[in-house]
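Each chain gets a letter, A, B and so on, in the order the sequences are listed, and its residues count up from 1. Reckoned from all heavy atoms, side chains included, excluding hydrogens, waters and symmetry mates.
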Amino acid sequence: MTLDSNPIIAGRLLKLSALRASGVDPYPPRTPVRLPIAEVRGMNPEQGDAVQTSGRIRARREHGKTIFMDISDPSGKVQLYFNSRELPPETWEILEHTDLGDIIWVAGVLFVTRMGELTVKVTEMKVLVKAVRPLPVVKVDSEGEVHDAVSDPDLLYRHRCVDLLLNADSRERLVSRSRMIKALRDYLDGSGFIEVETPILQQLYGGANAEPFITKYNFLDQQCYLRIATELYLKRLMVGGFHKVYEIGKDFRNEGVDRTHSPEFTQLELYEAWTDYEGMMLRFEELVSAAAAALGKGSEITFQGLSIDLATPFARVPFVDALHRHSGEALFDMDHAALARHAGRLGIATGGADRPDLLDKLFDHYVTPTLVQPTFVIDYPVELSPLAKGKPDNPMLTERFEAFIAGIELANAFSEQNDPLLQRRILEEQAASSGHREGGVDEEFLYALEVGMPPAGGLGVGVDRLAMILTDAGSIRDTILFPHLRREK
RNA sequence: GAGCCGCUAGCUCAGACGGUAGAGCAUCUGACUUUUAAUCAGAGGGUCCGGGGUUCGACUCCCCGGCGGCUCACCA
């Protein structure tokens with residue numbers, strides 16, 4: 001469909017030509033001096049101050065010889081008043097070739113209308129941008145009630161610019177995400193960490209159990225993977241003497257999409273020498289507190305109707321205890337067959353699931369939904385945690401935790417395994433037994449452990465999910481500016 | 001991957017039992033010199049998601065497909 005097959009767009013294109021024909025550049029290269037709209041609104045109208053500002057036309061109310069308009073910029077909205085008797089005819093003519101959505105610059109004088117609205121009486125105007133595509137019109141009445149809000153999620157996700165322009169919720173949420181990430185960085189930088197960047201394009205993938213995206217580097221005629229985690233590279237840095245290090249970046253997992261999963265998501269991973277998973281619990285608590293504070297939130301927040309208390313310390317519950325308590329049975333002591341029967345009775349798919357898979361599924365079934373208040377689930381079974389150090393007093397368990405809020409897994413951390421021989425054995429066994437580990441064992445990672453990695457704690461935080469919790473977003477997609485969608489027809 | 005729901009004008013939505021599509025906003029024309037969901041009068045605007053089928057006739061019923069939403073499954 002060509003642009004002008006839509007009659008509304010065709011009309012705008014005509015006005016665009018008309019502007020050009022009368023010597024007006026509809027896309028001038030520079031903006032005259034202007035004040036942000038919020039500053040205009042903050043001025044004292046008694047003085048009849050001269051002001052210059054610019055913004056997008058959001059509403060237009062014509063009254064014969066006069067026109068009221070609302071224009072907005074990111075800082076706010078202000079009303080303009082045009083009077084044809086007091087404007088040069090050329091200016092009035094330009095005005096008649098503007099539409100909702102156009103961006104204009106005006107100069108004028110402040111006054112307050114009969115209705116008490118601070119208004120710029122325009123004496124001069126310029127078109128800065130002629131919008132050729134109509135913006136959906138959303139109206140807000142005097143009670144603040146929004147009318148005809150654009151609600152089609154498809155339209156909003158595909159055309160995020162429209163969403164951001166029209167929906168204050170979206171705009172504020174995504175700004176909050178940025179502020180939150182800045183707070184995480186500030187906290188870590190202030191705590192002596194350094195931020196690094198590790199490869200996204202990898203010849204091997206690892207650091208998590210996930211299906212990778214596969215791509216190809218033409219120059220070397222070589223298959224590559226998009227990273228699924230940053231873990232193995234950050235640990236090389238630990239070996240190299242970066243003892244407090246973190247990365248905030250995208251990981252890619254070639255798996256399903258739902259409310260809490262996106263194929264492309266942002267993870268914070270940090271590693272810190274001379275500490276362990278206990279230290280990581282403190283880090284996580286402090287990161288969450290810093291993030292909440294940056295958004296002006298206290299410890300009491302609401303998420304999807306749930307009241308959540310972010311006050312630290314967060315609860316700690318051993319994995320096995322929680323599993324047994326919520327299931328009412330000693331599941332951890334059962335063998336594979338018994339677990340499979342148990343899971344089968346609950347209608348959980350057990351095909352191909354090994355014992356650790358079953359334990360994890362059963363945990364998800366019985367315990368995860370109950371973890372509404374911030375909770376560290378600690379001491380995971382060793383089979384679920386190939387990169388974590390075992391507990392000295394119990395070889396079945398590891399020094400690992402996952403952090404949950406509102407039933408959502410937000411973080412995963414452990415006392416990092418640094419025994420090179422043990423780590424090699426675990427990774428090789430895993431590579432042999434698991435069909436989809438095409439990447440093989442990361443020898444360079446093992447080489448680094450052989451050189452010697454100091455005792456350390458490591459922590460991974462799902463940044464998008466933390467943003468969900470702190471901005472009360474029902475879907476991870478709401479926290480991602482451009483979430484992945486299927487190709488449009 | 002499965003089930004359910006949805007897709008009608010630029011936007012939000014109606015459309016009884018199958019009879020050839022409507023409203024509000026937006027757009028266009030006209031009126032109006034302080035309005036603010038401005039108001040008033042008039043006009044234009046549709047591949048009813050796509051493709052098949054049933055039927056004299058399909059937005060409507062059936063089948064296949066697309067996209068989206070929700071739920072489930074998958075996902076350390």
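Within 90° of 0 lies the glycosidic angle of B/C17, which makes this nucleotide syn. Glycosidic conformation of B/A16 is syn; the angle stays within 90° of 0.
For the pair A/Asp419 and A/Lys389, the salt-bridge criterion is not met [side-chain N within less than 4.0 Å of a carboxylate O]. A salt bridge between A/Asp442 and A/Arg236 is present, with a side-chain N of the basic residue lying under 4.0 Å from a carboxylate O of the acidic one.
Residue A/Arg60 contributes atom CZ, which lies 14 Å from atom C1' of B/U35 at whole-angstrom precision. As rounded to whole Å, 13 Å separates atom P of B/G68 from atom NE2 of A/His159. Between the OH atom of A/Tyr81 and the C1' atom of B/U35 there is a distance of 9 Å, rounded to whole Å. Here the P atom of nucleotide B/A26 and the CD1 atom of A/Ile57 are 14 Å apart, to the nearest Å. Taking atom CZ of residue A/Phe414 and atom C1' of nucleotide B/A76, one finds them 9 Å apart after rounding to whole Å. In this entry the distance linking CG of A/Asp163 with P of B/G68 reads 16 Å, nearest Å. Atoms CD (A/Glu255) and C1' (B/A73) sit 13 Å apart, rounded to a whole Å. Note: CG (A/Asn83) to P (B/C32) measures 14 Å, nearest angstrom.
Taking atom P on both nucleotides, B/A58 is separated from B/G69 by 33 Å, rounded to a whole Å. Between B/G42 and B/G52, the distance separating the two C1' atoms is 43 Å to the nearest Å. For the C1' atom pair drawn from B/U39 and B/G46, the interatomic distance equals 29 Å after rounding to whole Å. Separation of the C1' atoms belonging to B/A26 and B/C67 is 25 Å when rounded to the nearest angstrom. Spacing of C1' atoms, B/U8 relative to B/U47, comes out at 12 Å, to the nearest Å. Nucleotides B/A37 and B/C25 place their P atoms 14 Å apart, quoted to the nearest Å.
Applying the 4.0 Å criterion to OP1 and OP2 of B/U35, one finds that A/Arg114 has a side-chain N or O inside that range. OP1 and OP2 of B/C72 both lie 4.0 Å or more from every side-chain N or O belonging to A/Lys361. Phosphate proximity of B/U34 to A/Lys121: absent, as no side-chain N or O sits under 4.0 Å from OP1 or OP2. Dashed line: the shortest gap from a side-chain N or O of A/Arg259 to OP1 or OP2 of B/U71 is under 4.0 Å. Side-chain nitrogen and oxygen atoms of A/Arg158 include at least one within less than 4.0 Å of the OP1 or OP2 phosphate oxygen of B/G68. Not one side-chain nitrogen or oxygen of A/Arg61 sits closer than 4.0 Å to the OP1 or OP2 atom of B/U35.
You'll find that the side chain of A/His63 is closest to B/C32, out of B/G69, B/C32, B/U36. Distance from the side chain of A/Asp148 is smallest to B/G24 among B/G68, B/G10, B/G24. Among the nucleotides B/C28, B/U35, B/C67, the one closest to any side-chain atom of A/Lys15 is B/C28. Proximity note for A/Asp99 (side chain, C-beta onward) versus B/U35, B/C28, B/C70: the nearest is B/C28. The A/Ile8 side chain lies nearest to B/G10 when the options are B/G68, B/U35, B/G10. Considering only side-chain atoms of A/Asp360, the nucleotide from B/G69, B/U12, B/A76 that sits closest is B/A76. The listed nucleotides are B/U12, B/A73, B/C67; the one nearest the side chain of A/Asp258 is B/A73. Comparing B/U36, B/A76, B/A26 against the side chain of A/Met115 picks out B/U36 as the nearest. Taking every side-chain heavy atom of A/Tyr157 into account, B/G69 is the closest of B/C32, B/G69, B/A26. When each of B/C67, B/C70, B/A26 is scored by its nearest atom to the side-chain atoms of A/Arg486, the top-ranked nucleotide is B/C67.
The line from CZ of A/Phe265 to CG of A/Asp251 is 4.5 Å long, rounded to the nearest 0.5 Å.
Between A/Arg12 and A/Leu100, the closest side-chain pair of non-hydrogen atoms falls below 4.5 Å.
A/Thr66 contributes no side-chain N or O that forms a donor-acceptor pair with the base of B/U34 under 3.5 Å. With hydrogens and angles ignored, a donor-acceptor pair closer than 3.5 Å exists between the side chain of A/Gln79 and the base of B/U35. For a distance-only test at 3.5 Å, the side chain of A/Asp152 fails to qualify as a donor-acceptor partner of the base of B/C7.
Among the heavy atoms of the strands lying under 4.0 Å from A/Glu402 are primed sugar atoms or P, OP1, OP2 only; no base atom is included. Residue-level contact check: A/Arg58 touches neither bases nor backbone, having no heavy atom under 4.0 Å from any strand. Within the nucleic acid shown, A/Phe111 comes within 4.0 Å of at least one base atom, counting heavy atoms only. Within the 4.0 angstrom heavy-atom criterion, only backbone atoms of the sugar-phosphate kind lie near A/Ser151; the bases stay farther away. Using a 4.0 Å heavy-atom cutoff across all strands shown, A/Pro356 reaches no nucleic acid atom at all.
Cation-pi geometry between A/Arg400 and A/Tyr380 is met: the NZ or CZ atom falls under 6.0 Å from the ring centre, inside 45° of the normal.
A/Tyr81 and A/Phe111 have perpendicular rings, their planes meeting at more than 60° on a 0 to 90° scale where under 30° would count as parallel. The aromatic rings of A/Phe332 and A/His324 sit tilted relative to each other, their planes meeting at an angle between 30° and 60°. The aromatic rings of A/Phe319 and A/Phe363 sit parallel, their planes meeting at an angle under 30°, below the 60° perpendicular limit.
Atom NE2 of A/His147 sits in a crowded spot, with more than 12 heavy atoms from other residues, nucleotides or ligands closer than 6.0 Å.
Remark: B/C7 base-pairs with B/G66; criterion is Watson-Crick or G-U wobble with both hydrogen-bond distances under 3.5 Å. Across the strands present, B/G1 finds its partner in B/C72; the criterion is a Watson-Crick or G-U wobble pair with both atom distances under 3.5 angstrom. Across all strands shown, B/A14 forms no Watson-Crick or G-U wobble pair with both distances under 3.5 Å. Base-pair partner of B/C40: B/G30 (Watson-Crick or G-U wobble, both distances under 3.5 Å). The partner of B/C61, taking Watson-Crick or G-U wobble pairs whose two distances both stay under 3.5 Å, is B/G53.
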